[in-house]
Amino acid sequence: MSDYAIRLHRTGGPEVLQPEPIELPPPRAGEVRIRQTAIELSYGDVLLRTGALPATLPSGVGSSAVGVVEAVGPVSRRRAASDFSVGDRVGYATVPFGAYAGVRNVPADALVPLPAEVGDEDAAAVLAKGLLVWALIRRVHTVEAGETVVFHAAAGGVGLIAGQWLSHLGVRAIGTVGAPEKVRAAVDNGYDEVVLYRHDDLAARARDLTDGVGVPVVYDPIGAETFASSLDALRPRGLLVSFGSVSGPVTGLDLGLLAAKGSLFVTRPTLGTYLPDPATLRAAAAEVLGLVACGVIRSNLRQRFDLADAGKAQEALEARATVGATVLLP
Amino acid sequence: MADYGIRIHETGGPEVLRYEELELPPPGRGEVRIRTTAIGLNYRDTYERTGLYPVTLPSPLGGEAAGVVTEVGEGVSGLAPGDRVAHATGPLGAYATAQNVPADVLVPIPDGVPDEAAAAVLLKGLTAWYLLRRTYPVQSGETVVFHAAAGGVGLIAGQWLRHLGVRAIGTAGSAEKAALAVENGYAEVVLYREEDVAARVRELTDGAGVPVVYDSVGAATFENSLDCLRPRGLMVSFGNSSGPVTGVNLGILASKGSLFVTRPTLGHYVGNRTELRAAAAELLDLVEQGVIDPNIGQRFPLAEAANAHRALESRTTTGSTVLLP
């Protein structure tokens with residue numbers, strides 16, 4: 001079959017995701033052509049397709065994939081020889097919109113090498129979410145052994161990786177989930193305590209587990225629905241890391257609330273700010289993939305779809321019919 | 001000898017401050033009586049007088065003073081009659097010739113620090129301490145922004161930052177205040193009425209922005225302060241002189257560079273006696289060494305506290321003001 005990609009010409013249901021043949025130009029200076037072997041399916045891809053995330057159409061879809069270097073762009077006056085050679089196994093997670101493709105040109109600065117011990121599918125399933133977890137627990141707030149922290153949406157893709165990593169670091173993790181059937185997955189992935197955030201009193205539980213003090217940090221991708229209880233779970237001078245808003249954005253904040261609830265800190269990080277240059281990206285990816293290589297972080301890869309069936313894959317994700325991670329195979 | 005103090009029976013203008021004879025009970029359990037020697041005047045005293053900060057009437061006034069221990073209540077250890085002490089985190093009642101104060105809020109005054117210096121510097125200095133040493137611990141060589149550089153906390157912060165080898169960019173409302181800020185340690189002062197503070201801060205940092213902005217102005221400066229920050233920088237909002245910051249969409253922190261925001265209060269940083277004493281010791285040691293000058297600009301007799309309030313509210317004071325019993 002000739003090279004193909006899935007591109008978005010209009011937003012809508014899963015049916016708008018159709019494969020189409022592509023004619024790829026040779027990689028330019030600073031670029032590398034990758035023959036892709038596994039592509040991450042993420043909820044952001046669904047939001048792009050439905051129009052919830054604004055995009056200029058036509059647009060590529062997908063942000064993270066792995067594969068093998070097939071060609072390297074020319075050396076130019078401004079660009080030294082690439083760090084990568086034909087045949088290298090590589091991945092990327094920070095090149096927006098276009099990963100749903102059999103072959104692709106991407107900036108070499110965005111590539112990370114894959115360790116021999118990590119398979120392509122596992123790498124594709126873990127890389128983007130693992131980098132986000134790295135930023136959250138190693139940079140936004142650097143967790144320490146013996147700390148107790150709260151991580152919302154513990155059974156989500158990011159939450160499952162965070163639980164395993166926190167457990168490895170000796171951190172006691174309180175996870176939250178939205179439904180009782182997700183408790184098991186969270187516990188199996190390193191969480192010491194799991195709270196149903198719609199039913200249980202998170203703040204009371206967090207205080208019970210910390211001698212009444214509260215936790216130094218809460219990681220919250222849920223947004224509006226959990227904002228107040230997240231603040232209440234914090235100890236004085238604690239940090240709320242709001243890294244998503246699946247229940248709606250947090251708006252209308254009166255800063256006085258941070259004073260009243262204990263001189264609290266709030267941040268709203270984006271991954272790009274924490275990966276400002278290729279050296280940082282590669283160091284972070286090496287840390288993530290190293291933990292996958294030695295078995296500390298499992299990918300929880302449960303579903304594989306042909307890339308041509310990306311619409312079906314997204315449908316399953318939207319219907320919450322998937323568990324763990326999903327990859328698309330070209 | 002009878003004791004006297006200022007009380008208010010109604011909220012309002014400076015005229016509601018009444019100088020009255022006090023009947024002080026003996027110090028209760030955990031309390032110490034002090035004979036007050038100098039009282040710090042703070043802008044928040046006027047908020048309590050006008051009712052902006054609610055008080056139960058009739059109410060004593062004043063939150064900062066220095067004095068000498070005259071009597072020790074039950075259960076108090078480590079304090080004895082004759083000790084020189086100061087406080088800035090206790091209950092209202094500092095506007096008086098004598099006061100019973102919880103022992104836990106008292107800090108010792110070093111020999112080389114006069115009482116009126118301790119009374120003038122303690123509250124503002126503890127504020128500067130937590131901002132610069134705890135909320136965001138500044139590092140030598142950094143550049144930071146401090147709003148209202150010629151205000152009470154600003155003047156102490158400038159001297160402290162200079163001592164720590166930090167390059168401080170202050171903001172001020174007039175050339176006269178800018179000159180005062182420079183005398184007190186600021187490397188640069190931006191006149192916020194005439195210049196875009198964020199644009200000037202970018203110029204002064206080769207486009208990079210600063211790791212921290214200390215902002216007591218509030219609503220009027222909030223967004224501009226965020227624009228002064230480098231990626232992952234911290235906005236410390238510690239006051240509301242232009243009105244409170246409300247209606248914040250957290251998304252703005254993401255779009256302006258994964259920023260952090262905090263709204264600290266002193267109590268959460270000196271919440272116990274150990275923390276308070278360590279903070280005060282660090283501050284008063286710098287006063288003793290001459291690194292931090294309390295900049296006492298005026299002294300009023302305690303009985304004339306109303307005149308002191310009038311001067312403060314008409315902005316005719318410079319530096320800090322003390323009341324003397």
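Letters go in sequence order (proteins before strands), and every chain restarts at 1.
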Does the side chain of A:Val266 reach to within under 4.5 Å of the side chain of B:Leu250, using non-hydrogen atoms?
yes
With a 4.5 angstrom heavy-atom cut-off, could you sort out which part of B:Phe222 is near chain A: side chain, backbone, both or neither?
side chain
Do B:Arg263 and A:Phe265 have side chains that get closer than 4.5 Å, going by heavy atoms?
no
Taking atom CG of A:Leu240 and atom OG1 of B:Thr262, what is their separation to the nearest 0.5 Å?
11.5 Å
Report, as yes or no, whether the 6.0 Å neighbourhood of atom CG on A:Asp211 holds more than 12 heavy atoms from other residues, nucleotides or ligands.
no
Option that, when pairs with chain A are counted at under 4.5 Å, heavy atom only, ranks first among B:Val236, B:Leu234, B:Thr246:
B:Thr246
Leading residue by heavy atom contact count with chain B [cutoff under 4.5 Å; candidates A:Pro269, A:Gly262, A:Pro249]
A:Gly262
Which answer fits A:Leu239, side chain, backbone, both or neither, if we ask what part of it has an atom under 4.5 Å from a heavy atom of chain B?
side chain
What pair of heavy atoms forms the shortest contact from A:Pro236 to B:His268, and how long is it?
CB-CD2, 4.4 Å
Taking side chain as everything from C-beta outward and backbone as N, CA, C, O, which of these in A:Ser242 sits under 4.5 Å from a heavy atom of chain B? Side chain, backbone, both or neither.
side chain
So, taking the atom named OG1 in A:Thr273 and the one named CG in B:Leu253, what distance separates them when rounded to the nearest 0.5 Å?
11.5 Å
A:Ser247 meets the side-chain contact (heavy atoms from CB on, under 4.5 Å) criterion, sequence neighbours left out, with A:Ile222, A:Ala224, A:Glu225
Report which part of B:Ser237 has an atom under 4.5 Å of a heavy atom belonging to chain A: side chain, backbone, both, or neither.
side chain
Is there a side-chain contact between A:Tyr274 and B:Arg232 in this structure, where contact means two heavy atoms from C-beta onward sitting under 4.5 Å apart?
yes
Need one label for B:Ser255: side chain, backbone, both or neither, based on atoms under 4.5 Å from any heavy atom in chain A.
neither
In terms of heavy-atom pairs under 4.5 Å, which option from A:Leu255, A:Thr251, A:Leu258 contacts chain B the most?
A:Leu255
Given a strict heavy-atom distance threshold of 4.5 Å, which part of A:Val140 is in contact with chain B: side chain, backbone, both, or neither?
both
Using a 6.0 Å cut-off, check whether atom CD of B:Glu275 has over 12 heavy atoms from anything other than its own residue.
yes
